[in-house]
Each structure stands twice: as structure tokens, then as C-alpha cells.
There are 2 protein chains.
Amino acid sequence: MSTYERTCLIRGDGGRTIRRILERIGNKWTLLVVATLHDERMRFTDLQQRIPGVSQRMLSLTLRQLERDGLVSRTAYAEVPPRVEYELTDVGRTLIDPAVRLAEWAVEHDADIERSQQRYDARQQPDR
Amino acid sequence: MSTYERTCLIRGDGGRTIRRILERIGNKWTLLVVATLHDERMRFTDLQQRIPGVSQRMLSLTLRQLERDGLVSRTAYAEVPPRVEYELTDVGRTLIDPAVRLAEWAVEHDADIERSQQRYDARQQPDR
DNA sequence: CCGTATCCTAGAGGATACTG
DNA sequence: CAGTATCCTCTAGGATACGG
């Protein structure tokens, strides 16, 4: 597959594909939830503890969306107190690899980018 | 590198890395601009024509951010009328591969996800 | 031709309180 | 324990108009 063909995956349909995926995973908590669930089933509270800063509301919304998309499965046990466990589905697991690639890119180029920003800002705003 | 270690790239620092990259490329037009520039230098107007739906304002903002991050270089020629050309930098080019992986994932699983959503919605909202 | 300035709106996401 | 409900704020992004 040529570079050109591969790039067409991004802009082929006027960007609809890439935009859909970014709407899905581009929000604040989705990839964090997926990564945290990567190797074990987990309860709501466990997730909240392992994902620093997430509120009940946002965790709930994120899980609901992931469940709707079929990336996460939810199992409720009829117990008292209630117990609910979440885990990645097979499809959900396939998301980890591309997500990690992106994270690798980020780690690898973070310093470059920060330096570039500083140079840019220094040039643009020599005042103050 | 184990799956566990790779996943740590995502949540290792409390998600800061993945969030930074998503703030960078998770917006509406960035990846589209990068993909469009993948193989040739291009003028502002060319970009606008090849990216359906982008406004002057958003294209301008997106290019400015990409320039600041060092992913795109901007060359202005002192002519009348003015001519400005944009192209990917070396760092910018390295973003294409992980972005394409993500797009591949999207294409591959889009149908699955849509079916899952329909089943979910049918279960949740049998009313109306 | 290549932008910036201004104004506006929808929705993402936080804080807090309440419930089966 | 595992969530909803409510309220609020802030900003991404669209529309439009203007300027070098």
C-alpha cells in the first residue's frame, strides 16, 4: 500500500472517517479508560481510582459511550451492594495498538514540539 | 516491549501525554491538513479547496498551530499578489504513519461500531 | 491572495447534590 | 456501590466582515 493510498484513508471521504474516530476517541477520557481496562475487568470505583481526575459523571458518560460503541462490555451482578464490572470487548482491544502508536509518537516528539513552540512564541511576541 | 509497557505510554503519567497529543491533533481540521500536505507544498487557497468545509478562519488557525508546533513550515514570497506556501516538516511527516493507523482502525471497525450503536439504542429506547 | 477581527452558539466537561 | 440530575462555565468552531 503506497503512502498516497494510505493517506487517502484519512482524507478520502472528505475527512468523515478520521472525524468520526476523533469524535469517538478524541475526548478527554476515552483512551484513558480503554488503556486502563486493557488487561483486566474492573469495577466502576476501581476505574475511578486509577484514572486520576475523572469525575463520576464523566466516567459514567465515557463508559456509556464505549458500551454503545461496543468497545466495552458491562456486566451487572444482582447483589447487594451492587457490583458492576467493565471489560474491553474484542473490538475494544484492537483499539489499543493504534492508540499506543499515537502515544509513542507523542513521547518521541514532545520535546521537539515544545522547543518549536518556544522559538515561535519568542519570535512572535518579543514585547512584554 | 510488552503490552503492559506499551499501555503505560498512554496512562503512565496520568494521561498527560495522550491528552497533549489529542489536544494537538484531536481537533477538527489538523489531521486533514497534515494528510493533504503529505506529498506536496501547497498554497493557502489550494488547501482550502482540497479540504471541503474548512473556513478561512479555521484553516488559518490550524496552520498557525501546526507552524507553532513545528509540524508545518510556512514560506512567504515577497510578491504581488502575495504567495505563501505550506509544507510538512520532517517531524510533521512522522505523524502521518500513526494517523493512518488510526484511520485504518476506523475503516476496519466502522461497520461493527455502527451496528453496536443501533442494537444499543434499540434496547435503551424502545419507546417512541 | 492571504489572512485577522468580531460576534455568536452548541456542546464538552466540571462541581455538586441526590437515589436505587 | 454505581450511578443520574442539575447547573454552570469555557472554549472550539461557524458566519461574516474587513484589511495589507
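Residue numbers start from 1 in every chain, and the chains themselves are labelled A, B, ... in the order their sequence lines are given, proteins ahead of strands.
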Could you state the [atom1]-[atom2] distance from [X] to [N], rounded to the nearest angstrom?
| X | N | atom1 | atom2 | answer |
| --- | --- | --- | --- | --- |
| B/L61 | C/dA5 | CG | P | 10 Å |
| A/L32 | C/dG13 | CG | P | 12 Å |
| B/L59 | C/dC1 | CG | P | 14 Å |
| B/M58 | C/dG3 | CE | P | 15 Å |
| B/D46 | C/dC2 | CG | C1' | 12 Å |
| A/L63 | C/dG13 | CG | C1' | 15 Å |
| B/E23 | C/dG13 | CD | P | 11 Å |
| A/F44 | C/dG20 | CZ | P | 18 Å |

Legend entry - Contact interval (first through last nucleotide) of DNA chain D with protein chain A, 4.0 Å heavy-atom: D/dC1 to D/dT6
So, are [X] and [Y] salt-bridged, with charged N and O less than 4.0 Å apart?
| X | Y | answer |
| --- | --- | --- |
| B/R16 | A/D110 | no |
| B/R41 | B/E85 | yes |
| B/R74 | B/E87 | no |
| A/R101 | B/D97 | no |
| B/E23 | B/R20 | no |
| B/R50 | B/D46 | no |

Legend entry - First of A/P82 and A/G26 reached from the 5' end of DNA chain C, by closest nucleotide: A/G26
Inset, instruction - Establish, with yes or no, whether the OP1 or OP2 oxygen of C/dA12 is under 4.0 angstrom from a side-chain nitrogen or oxygen of A/R57. - result: no
Legend entry - C/dC2 OP1/OP2 closer than 4.0 Å to side-chain N/O of B/R43: yes
Inset, instruction - May I ask you to say what A/T45 touches in the nucleic acid, namely base, sugar-phosphate or nothing, with a heavy-atom cut-off under 4.0 Å? - result: sugar-phosphate
Inset, instruction - Would you indicate what B/Y77 reaches in the nucleic acid, counting non-hydrogen atoms under 4.0 angstrom: base, sugar-phosphate, or nothing? - result: nothing
Legend entry - Selection from C/dG14, C/dG3, C/dC1 that lies nearest to any side-chain heavy atom of A/K28: C/dG14
Inset, instruction - Please report the shortest heavy-atom distance between B/H109 and A/T94, naming the atom on each side. - result: NE2-OG1, 3.3 Å
